[in-house]
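Labels below follow one simple rule: chain letters A, B, ... track the order of the sequence lines, proteins then strands, and each chain is numbered from 1.
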Amino acid sequence: MSKFKTIRVRFAPSPTGYLHVGGLRTALYNFLFARKHGGVFILRIEDTDRTRYVNDAVDNLIETLRWAGLDYDEGPEKGGTLGPYVQSQRLEIYKQHVDRLLNTRTAYRCFCTPDRLEMMRKEQEARHISPKYDRNCLSLSQQEIQENARKGIPCVVRMKIPDSLTIRFHDVIRDDVEFSSEMLDDQVLMKSDGYPTYHLANVVDDHLMQISHVIRGEEWLSSTPKHVLLYQFFGWELPEFAHLPLLLNPDRSKLSKRQGDVAVEDYRAKGYLKEALVNFVAMLGWNPGTEQEYFSLEELIQQFSLERVNKAGAIFNIEKLNWLNAEHLRRKPDEELLRMLKEALAQSNFKNAKHDDEYLLKVIFAMRERVSFVNDFIEKGSYFFEPPNEYDQEVVRKRWKAETPSQLKQLAEEFSKLTSPTKQDYEAALQNTADVFHVGNGTLIHAVRLAVSGVGGGPGVYDILFILGKDESLKRMHTAIERLT
RNA sequence: GGCGCUAUCGUCUAACGGUUGAGGACGCGGCCCUCUCAAGGCCGAAAUACGGGUUCGAUUCCCGUUAGCGCUACCA
């Protein structure tokens with residue numbers, strides 16, 4: 001599919017504070033594509049806007065990518081032969097390339113002040129024509145340019161868009177796309193502070209870093225013709241382009257804060273598993289063509305293809321993420337769940353409670369099918385870590401009758417006779433007691449459950465009793481008899 | 001406003017002109033299982049934006065309309 005020998009792709013975020021879930025998906029698709037084809041996945045930091053620089057953003061980005069399991073082959077902190085991989089460290093390279101453009105007259109210096117530009121735009125807007133630089137500085141003579149430079153007037157470098165040219169390029173996802181050069185502005189390539197704009201830096205770097213496929217968000221589609229022109233100006237071969245559909249808010253606007261969490265770290269903090277988040281964003285805009293929904297990273301790598309990426313934007317649907325999280329969580333081996341539960345416990349209200357692994361493993365066994373998040377073990381199964389401090393009133397109304405206290409007293413009596421009871425022992429004892437009172441065992445089951453857990457749902461009652469142990473169970477039964485009578 | 005991209009159940013999506021009275025998943029409702037809650041199983045409601053073409057035949061190809069989104073910065 002490609003004229004390039006090795007697949008080389010890059011994820012090129014701008015460090016503005018955190019990794020956006022849309023960014024995570026872009027990174028993921030790049031990663032999957034590279035791994036699938038034995039290619040190279042590069043991380044490049046696009047920090048050419050000094051006004052938006054955020055401290056620690058790069059570290060944060062790298063840490064989040066690492067958390068998600070998307071290891072890059074070349075990039076900051078990792079190195080590579082075609083670095084540096086941080087654009088602010090490549091200023092000299094951009095300058096050289098801008099000079100090339102200047103020499104071939106495919107770019108020119110512009111000394112217009114921001115004020116003049118602003119006024120020009122206002123006027124154009126008033127006249128209902130699309131805002132475009134009026135090329136005021138294109139006609140400057142060599143002398144005038146030198147004069148201005150000598151006076152120290154700040155200047156930018158603009159690319160000179162050819163007139164009436166149709167620019168066509170191929171996109172793996174959208175096929176052929178074409179734009180008229182008439183619509184293009186003489187884009188600033190080099191800012192007055194000596195930093196390149198995205199357009200220049202991205203083309204220069206993609207070429208120098210031998211990027212074979214530019215896989216990025218759809219918001220770049222409209223500026224791609226400028227990039228194509230730049231490749232032509234430099235006489236470089238075009239990479240393949242693949243513009244990914246956007247991630248949307250529930251109201252179909254572009255995914256943003258305000259309408260929920262957009263930072264990967266938010267989801268991480270909320271207890272979502274990286275496996276679930278990765279699986280989920282992978283399915284937002286891509287599918288394998290089969291009915292498989294649950295994927296490990298390894299399976300995604302095997303099955304991923306750019307050709308099966310959709311064109312239309314996708315809403316970030318939290319319900320499905322929750323479901324996938326539960327799926328991934330419940331399939332985890334005991335040991336891993338144990339490790340995660342201990343970690344969660346350490347940060348919970350029960351951090352001082354002592355429970356050995358054997359006990360926690362029993363809780364995991366009992367709760368496994370009932371949790372979507374690790375914290376659910378603690379929240380939905382709080383009674384495994386402390387006695388109920390209140391009883392669900394609705395359940396009390398339904399399950400706790402006038403005769404219940406005396407029945408439970410008798411049941412407690414039976415339980416206390418048992419030595420190291422198994423689940424079966426509890427069951428037999430309860431059955432016997434139910435027979436004595438001529439009631440169905442359900443009557444006692446629900447009452448005991450309420451007494452020991454405070455709630456109406458959960459694992460089988462014999463499991464709960466067994467996990468809690470005889471002494472604790474009896475204690476709770478007596479407490480309930482007292483408090484609910 | 002201009003340019004571009006997009007358009008199948010509420011949501012994510014399948015279908016690459018015909019075996020489609022449009023399939024799956026999440027969510028929702030019902031039933032089964034059952035000591036409860038889950039999990040699981042079964043069933044159900046739910047979609048091709050609209051209008052023209054092309055074709056023996058359009059979800060699928062073309063055009064238009066509408067809608068949504070993106071871009072339109074010395075931001076990326």
Side-chain angles (χ1 to χ4, degrees), chain A residues 12-16 46-49 51-52 110 112-114 117-118 121 125 127-133 154-158 171 173-174 177-180 182-185 187-199 201-202 216-225 243 245-246 248 250-254 280 283-294 307 310-324 326 330 367-372 380 395 398-399 427 430 440-450 453 455-462 464:
Chain A
S14 116
T16 51
E46 311 230 328
D47 57 347
T48 55
D49 184 358
T51 64
R52 289 214 299 182
C110 168
C112 293
T113 63
L117 260 20
E118 180 65 17
R121 261 192 291 270
E125 232 165 90
R127 287 165 54 201
H128 295 294
I129 56 176
S130 45
K132 259 172 77 173
Y133 179 57
C155 85
V156 302
V157 176
R158 292 180 181 274
D171 185 287
I173 295 166
R174 285 150 220 285
V177 185
E178 62 173 64
F179 289 79
S180 163
E182 299 296 327
M183 301 318 307
L184 270 31
D185 197 2
Q187 188 69 50
V188 171
L189 298 178
M190 181 72 83
K191 299 180 246 181
S192 57
D193 63 2
Y195 279 68
T197 57
Y198 172 84
H199 307 288
N202 129 78
R216 81 234 290 194
E218 193 191 340
E219 68 264 34
W220 296 110
L221 190 62
S222 299
S223 32
T224 304
H243 288 95
L246 263 18
L248 276 22
D251 70 355
R252 293 221 151 263
S253 57
K254 186 176 167 181
F280 177 64
M283 303 304 285
L284 251 28
W286 173 84
N287 76 82
T290 65
E291 285 177 356
Q292 184 175 354
E293 304 259 355
Y294 176 95
E307 283 70 24
N310 287 115
K311 301 179 210 288
I315 291 174
F316 193 93
N317 177 211
I318 200 88
E319 299 285 352
K320 196 149 185 176
L321 206 209
N322 290 342
W323 171 73
L324 270 174
R330 291 197 283 250
M367 294 297 289
R368 198 177 197 103
E369 299 303 322
R370 280 162 257 265
V371 296
S372 296
K380 293 183 179 173
V395 181
K398 200 166 163 199
R399 309 290 194 189
E427 184 167 5
L430 186 139
N441 55 4
T443 307
L444 293 184
I445 282 172
H446 291 119
V448 181
R449 174 193 304 287
L450 178 64
S453 75
V455 294
V461 78
Y462 306 120
I464 298 179

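Scanning all heavy atoms of the two residues, the minimum distance from A/Leu246 to A/Glu218 falls at CD1-N, 3.6 Å.
Side-chain nitrogen and oxygen atoms of A/Asn310 include at least one within less than 4.0 Å of the OP1 or OP2 phosphate oxygen of B/A14. At the phosphate of B/C35, neither OP1 nor OP2 sits under 4.0 Å from any side-chain N or O atom of A/Asn441. Between A/Lys191 and B/A73 there is no side-chain N or O to OP1 or OP2 distance below 4.0 Å. Contact between the side-chain N/O atoms of A/Thr197 and the OP1/OP2 oxygens of B/C75 is not found at any separation under 4.0 Å.
Note: CD (A/Gln187) to P (B/C75) measures 9 Å, nearest angstrom. In this entry the distance linking CD of A/Glu427 with C1' of B/U34 reads 13 Å, nearest Å. Rounding to whole angstrom units, CG of residue A/Leu444 and P of B/C35 are separated by 14 Å. Regarding A/Tyr294, its OH atom lies at a distance of 20 Å from the C1' atom of B/U13, rounded to whole Å. To the nearest angstrom, P of B/A73 lies 18 Å from CG of A/Asp193. In this structure, A/Glu293 places its CD atom 12 Å from C1' of B/U11, rounding to the nearest Å. The CG-C1' distance, from A/Asn322 to B/G27, rounds to 11 Å in whole Å.
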Please write out each protein N/O paired with an N/O of nucleotides 39-41 of chain B under 3.5 Å, distance rounded to 0.1 Å.
{"from": "B/A39", "atom 1": "O2'", "to": "A/Glu369", "atom 2": "OE1", "distance (Å)": "2.8"}

Distances under 3.5 Å only, N/O to N/O: pair up the protein atoms with those of nucleotides 4-10 of chain B.
{"from": "B/C5", "atom 1": "O2'", "to": "A/Arg174", "atom 2": "NH1", "distance (Å)": "2.6"}
{"from": "B/C5", "atom 1": "O2'", "to": "A/Glu218", "atom 2": "OE2", "distance (Å)": "2.9"}

For nucleotides 45-47 of chain B, give me every protein contact, N/O to N/O, under 3.5 Å, one pair per line with atom names.
none

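Across the C1' atoms, B/C75 and B/C63 are found 38 Å apart, a figure rounded to whole Å. Rounded to a whole angstrom, the distance from the P atom of B/C61 to that of B/A14 is 13 Å. For the C1' atoms, the distance linking B/U6 with B/C43 amounts to 36 Å, nearest Å.
Across the strands present, B/A14 finds no partner; the criterion is a Watson-Crick or G-U wobble pair with both atom distances under 3.5 angstrom. Shown here, B/U55 forms no base pair; nothing in the strands shown gives a Watson-Crick or G-U wobble contact with both key distances under 3.5 Å. Judged by Watson-Crick or G-U wobble contacts below 3.5 Å, the nucleotide B/U66 has B/A7 as its partner. Nucleotide B/C42 forms a Watson-Crick or G-U wobble pair with B/G30, both donor-acceptor distances falling under 3.5 Å. Both distances falling under 3.5 Å, in either a Watson-Crick or a G-U wobble arrangement, occur for no nucleotide opposite B/C37.
For A/Trp220, the side-chain atoms get nearest to B/A76 when compared with the rest of B/C12, B/A76, B/C74. In this structure, the nucleotide among B/C75, B/C35, B/G24 sitting nearest to the side chain of A/Lys320 is B/G24. Residue A/Pro131 places its side chain closer to B/U72 than to any other of B/G2, B/C35, B/U72. Here the side chain of A/Asp185 is nearest to one of B/C12, B/C35, B/A73, namely B/A73. For A/Glu319, taking side-chain heavy atoms from C-beta onward, the closest of the listed nucleotides B/C3, B/A76, B/G27 is B/G27. Candidate nucleotides B/C35, B/A14, B/G70 were compared by shortest atom distance to the side chain of A/Glu219, and B/G70 ranks first.
Evaluation of the ring-ring contact (aromatic ring centres under 6.0 Å, His included) rule for A/Tyr195 yields no partner, not counting sequence neighbours. Listed by chain and number, the residues in a ring-ring contact (aromatic ring centres under 6.0 Å, His included) with A/Trp220 are A/Tyr198 (sequence neighbours excluded). The ring-ring contact (aromatic ring centres under 6.0 Å, His included) test applied to A/His446 returns no partner, not counting sequence neighbours.
Contact annotation for A/Pro196: backbone-only contact, meaning every heavy-atom pair under 4.0 Å involves sugar-phosphate atoms and none involves a base. Within the 4.0 angstrom heavy-atom criterion, only backbone atoms of the sugar-phosphate kind lie near A/Gly285; the bases stay farther away. Counting non-hydrogen atoms under 4.0 angstrom, A/Thr443 reaches nothing in the nucleic acid.
Between the side chain of A/Asp47 and the backbone N or O of A/Pro15 there is no donor-acceptor pair closer than 3.5 Å.
A/Tyr462 places a side-chain heavy atom less than 4.5 Å from the side chain of A/Leu430. Using a 4.5 Å heavy-atom threshold, the side chains of A/Leu221 and A/Arg174 count as touching.
Between the CE atom in A/Met283 and the CG atom in A/Leu324 there is a gap of 8.0 Å [rounded to 0.5 Å].
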